[in-house]
Every structure is written in C-alpha cells, then in structure tokens.
Amino acid sequence: MQTMQGIAVSPGVAIGEALIFDNEGFRIPRHFVVRDAVDEEVARLDRAIKGVGGEMQRNRDAVTAKMGGQYGAIFAAHLELLHDPQLRRELEALIREQHFSPEYAVSRVLRRYAKIFQQLETNSLAERAQDFFDIEKSLLRNLTGRKRDELASLTTPVILLAHTLTPSETASLDRKFILGFATEIGGAGGHTAIVAKGLEIPAVVGAGLFLADVSGGDLVIIDGDYGQIILQPDDDTVARYRREVEGRKSWAVRLAELRDLPAETTDHQRIALYANIEFPQEAATALERGADGIGLYRSEFMYLGADTEPTAETHLQAYGAVAKCMCNRPVVIRTLDLGADKMGLAPPGEEEHNPFLGLRSIRLSLRNPSLFRVQLKALLQASALGDVRIMFPMVTTLHELRQSKMLLADVMEDLEEEGLPFRRDIPVGIMVETPATVVMLDRFLREVDFISIGTNDLIQYALAVDRSNKEVADLYQASDPAVLRLINLTIQAALKADVPVSMCGQMCGSSTYTMLLLGLGLRVLSVPPSAIGEVKRVIRAVSIAQCEAISRRALTMDSAREVDKFLQEEVKKVVPELGR
Ligand code: PEP
Ligand code: MG
C-alpha cells in the first residue's frame, strides 16, 4: 500500500480498478489467469515479445535508412531491453508462480524498472524511464490486440490515473464509468478541477510522479476530500473507505431531501443559491439539485475541443436551451473567458510567457470584435427566451467595460434593424477578479447592473500565485487574510452603492466558507450543482447574527491556516456531519 498526497479538487471517495491513461489509455483486461492456463499464457507472452521485436526491428531499419544510424539506435536500445533474458525470466516467474496475466506482469515489471530510472539523479538516465514505458505500451498493444482503448468506449467502472488531463478530456469523461481520477500535475484552480467538480467526479491533481508505482487493474482509492491517492490499499483501508462511501450515500440522500426547501437562515433571511455550469445539459442537473438560477455559465467551454469557432446558431441553441430549462429564473452567461489553461483558441502570434497576465478573457474578446459580436448577438437573442444576463470576465479597466458596452449597444442596433426580439434592458455585470477592479469598484459600480466575485482568479492575482501550479498550491488560499479583505471591500462597496453582488468562485462552493460569506454580507451564492445541498444545509442551520460574529472574528486573523481551522470548527458546531 502506498499513499500519495495531491491536491483535493473535487470531493468524494472512489474505490476501483486503475486505468492508466497515458494518451494511449491501455486497459489491463485481467490480472490473473487460472493455473491450467499458465503454459498457454507464457506462450502468449513469447508471441508478444516476438511480435514487438519484429516491429522494433522494422522501425530501426526504416529510421536508420531515413535519418541515420544514431536515430536507429533508439530502437536498437529498445530491442536490447526487450530481449533482456532477465526481463523475460521475471515475467515468466510472475505468470507461473503468481498466476499474473501476461498483461499485468508486463505492466508491473516494466513500470518498476521505469521507476528505478526515474529516481536516478542524472537527467539522461532518468529519461530512460520513458523507454520502459514505451516497451510496456508496445507489449500491451500486442497482447490486448487493441490500438487504443478510448475513454469513450469503457464498459466497466474504473479510476482514471493520468500524468495530466486537459479540460476537454475531463469534460468527455463518462460519470458512469469514471469513478474518480488523479493526475500527476495540475493545481487547485485549473479548469480540469472545475470540470471535475461539475461532473461530480472525486478527483485529486498535482500528486507528483506516481504512475510508475501502479499498473492498470490495481485497486486504487481516490480520496477527493483530503487529496489522497491510495495505491494497492490493504484490506483494512478498503473496509474503512467502503464504510465512508456508504456514509456518504446516506448523507447525499438526506441532502437531497432539502431540494424543495428554501435556502433560508434560521432568522428567515432568504439566500439565493445559484449554480455554476459549463455545459447546457447541466442546467437540468442544477434544477434537480434545487438551484434558484444559474449564477455562472462558463460559455467558453463551447469553444473547447471544437475545430471551428461556434456559429451564432450554436451559441443561441446553447443559451436558449439553458434559458428555457431554467423557466425565467436568472441565467448569468459569461462571455468568452479563454485564457492560459483553457485551450482551443490560441492567441495569434508568439507564445505568451505569462499567459495568465496575457491576452485572455475580455481582452481577447475586445481584440477580436467580430468573434465577440457573434456571441453578444446570440446572448441578446437568448434574452427573449428567459431571464438572461450578460457578465464580462476579468474586466480590469473602466475602458474595457465601456468598450464592451458600446459593442453591445452596437449589436442591439443590428438586431433592431433585423427586427429580431431581445431585451433592451438586459442586465450587464462584471466579474471582480483582480485587485485593480476592487480598488476601482466605486467607479465600476456606477456602470454595471451587478457584480460577481470570481475568487478563483482573485486569489491568484491578489497573492501572485498561479492557480494551476502545484509548486505554489499551498499559497493559493481562499482564506488568506488579504483575500478576505478584498472580498469584504467588494461586498461593502456594492452594498453601499446598492448594486447586487454575488460570488461564483469555487470558494463559495465549500460549506466551510458559507457562514463567513453570509456574515460578510453576501446573499447570492453561485456554486457547482453538487455543492448546493451541503451549502443549503449550512444556511438552514445558522442565523445571520451568528454568521456576522464569525466573519468579524475571521477578519481579525493573521493567516489562512488560522482562519480555516476556526471556520472548520464553527461549521462542525452547526452541522456535525461536516466534520469528517
Ligand atoms: C473565478 O475566477 O472565480 C471564476 C469563477 O472564473 P473561472 O474559474 O472560470 O476563471
Ligand atoms: Mg475567472
């Protein structure tokens, strides 16, 4: 048994067989073979070694002819490793003595070799680990007779383990078959993490190198609450986690019972609990969970993974579907927020050194007005179908806001000329995601209908911490006193100006912060659909006076650690089940 510590990004516990997704995603079909079959299985292994050897020879010859002997030597080295008698002996022993399937034996042995090389200090030797992974892959490909085991074609549930997963790969995961996932790199605020939460898949990212320690088919536990990956757990650990899973099921049932009850404090303050969504189909899930509206629809997910830019029609279909599904409840749609970790629309020109400080979000839209107009037109048309509101992301200067509003007014005129219906007084708001916006908020508030605090970015820009960099993940804290002060300033300014303020960053999806945020004055929270039940549970257990006392205390504290500890204790007092 081995426990890896990563970053918890999507809560929940998953127990299951590992599927290692290394862009070829091989699945080990069986781990063990029956005693009678070992001779045949060893023969199968030999056929695979022979087949792969032939392939490598052909590659070596072709590459040598095309590029010269030094490149051909790469395959010659693979060939030598493949035919190493020691390797063959080890594989045979595992099949004969432990009844491992050839696939499982290949994966175990070659990954162990790879691990030894990975740990060597010399870079050039450490890189040789890759050779072992390559040989493993070739043998598995031959043994399983499959070219690729696409994630899409899964038929049994697995735990996905990968070096990294892009947001669009994550988005394509099928909740039915992916019980949980873990990656070696990545940070808490990246979009892979957000999508995982949206899909309600327990996930851990940024756990460091662990793929060499695990083979496809091994039993693995993902603890999405504590950011742990447990490889080959012992029986006691499995039993403990199975109890945890059962406990969660009954907690989920109890939370589901709150669905039709209002998010109201004990002193009858009604809180609007909205949902954050990435895809139109999630609107139905949000409603099922009892959402009062959509507080953030991340429209850029429409661009992800698409080969061409979405057309006006594609935009309108998506927005219209959400607006209709939500039946006149508010639907806040954020305009394109592509940036650093959101792929699909690379900024033209050279690669950016600091993409998070580069051409992203509203800057990218304003730089591409024709693209922006297509989206604004669809948003306006969707406003005829429900209570649609427009939100601009990462606005840092008044000039950006004014330019965006001018473009919007322009598009309104076009629509009028075309005789298409839309709501002229459609509410227009901004996300508060940078300290600059907080400092200038009194000015912004004169020109917007609402604001929404985007803590995911506000934390990174306030604390100078890349939200998806695991090396500085410990500094990325919603509860950092500097962040709390910025949030407090934002809410106070909005209340003073009588402009509606909400929060849609991940922070408010964590029930640990619910009391703090209510105490600071927030009455509109937008959270992932999966978090609605738990946040509502806390809201219904507290009074505003209690929350205000808590937020006053928290604001006096010196460190994120102190704040978190205090808030965790306080939430446990009102909802003891949250004290896992
Ligand atoms: C945020 O920054 O808090 C936010 C909600 O936007 P995103 O996570 O999509 O950047
Ligand atoms: Mg953001």
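Atom set for the values below is all heavy atoms of this structure, side chains included, hydrogens, waters and symmetry mates excluded. Atoms within a ligand are numbered from 1 in the order they appear, just like the ligands themselves.
For the pair Glu433 and ligand 1, the shortest N or O to N or O distance falls below 3.5 Å. Ligand 1 has no N or O atom lying under 3.5 Å from any N or O atom of Arg360, backbone or side chain. Taking only nitrogen or oxygen atoms, main chain and side chain alike, Arg334 reaches within less than 3.5 Å of ligand 1.
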Exercise. Report the C-alpha distance between Leu385 and Tyr319 in whole Å, list the side-chain angles of each, state the deciding distance to 0.1 Å, and finish with yes or no for side chain to side chain contact (heavy atoms under 4.5 Å, CB included).
Key: CA-CA 9 Å; Leu385 306 170; Tyr319 307 153; over 6 Å; no
Quiz item: Do Ser299 and Gln375 pass the side-chain hydrogen bond (donor to acceptor under 3.5 Å, both in side chains) test, and can you show the C-alpha distance, the side-chain angles, and the key distance before you say yes or no?
Solution: CA-CA 9 Å; Ser299 70; Gln375 182 167 36; 2.8 Å; yes
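Environment of CZ in Arg270: crowded, with over 12 heavy atoms of neighbouring residues, nucleotides or ligands closer than 6.0 Å.
Per-residue contacts place Arg467 under 4.0 angstrom from the following atoms of ligand 1 (heavy atoms of the residue considered): 2 (O), 7 (P), 8 (O), 10 (O). Ligand-side atoms of ligand 1 in range of Cys504: 5 (C), range being under 4.0 angstrom from any heavy atom. The Leu296 neighbourhood of ligand 1 comprises atoms 5 (C), with distances under 4.0 Å to a heavy atom of that residue. Heavy-atom contacts of Asn456 reach the following atoms of ligand 1: 1 (C), 2 (O), 3 (O), 4 (C), 5 (C), 8 (O) (cutoff under 4.0 Å). Taking every heavy atom of Gly505 and a limit of under 4.0 angstrom, the matching atoms of ligand 1 come to 3 (O). Of all the atoms in ligand 1, the ones that sit under 4.0 Å from a non-hydrogen atom of Arg298 are 4 (C), 5 (C), 6 (O), 7 (P), 8 (O), 9 (O).
Side chain of Ser365 to main chain of Ile362: no donor-acceptor pair is present (N/O by atom type, distance under 3.5 Å, no hydrogens or angles). Checking side-chain atoms of Lys536 against main-chain N and O of Leu261 turns up a donor-acceptor pair under 3.5 Å.
Within the structure, side-chain hydrogen bond (donor to acceptor under 3.5 Å, both in side chains) contacts touching residues 471-484 (residues at least two apart or in different chains) are Ser479-Asp564.
Minimum-distance N/O/S atom of Glu433 relative to the Mg ion (ligand 2): OE2.
Ile277 has its side chain out of reach of Arg298: every pair of non-hydrogen atoms, C-beta onward, lies at least 4.5 Å apart.
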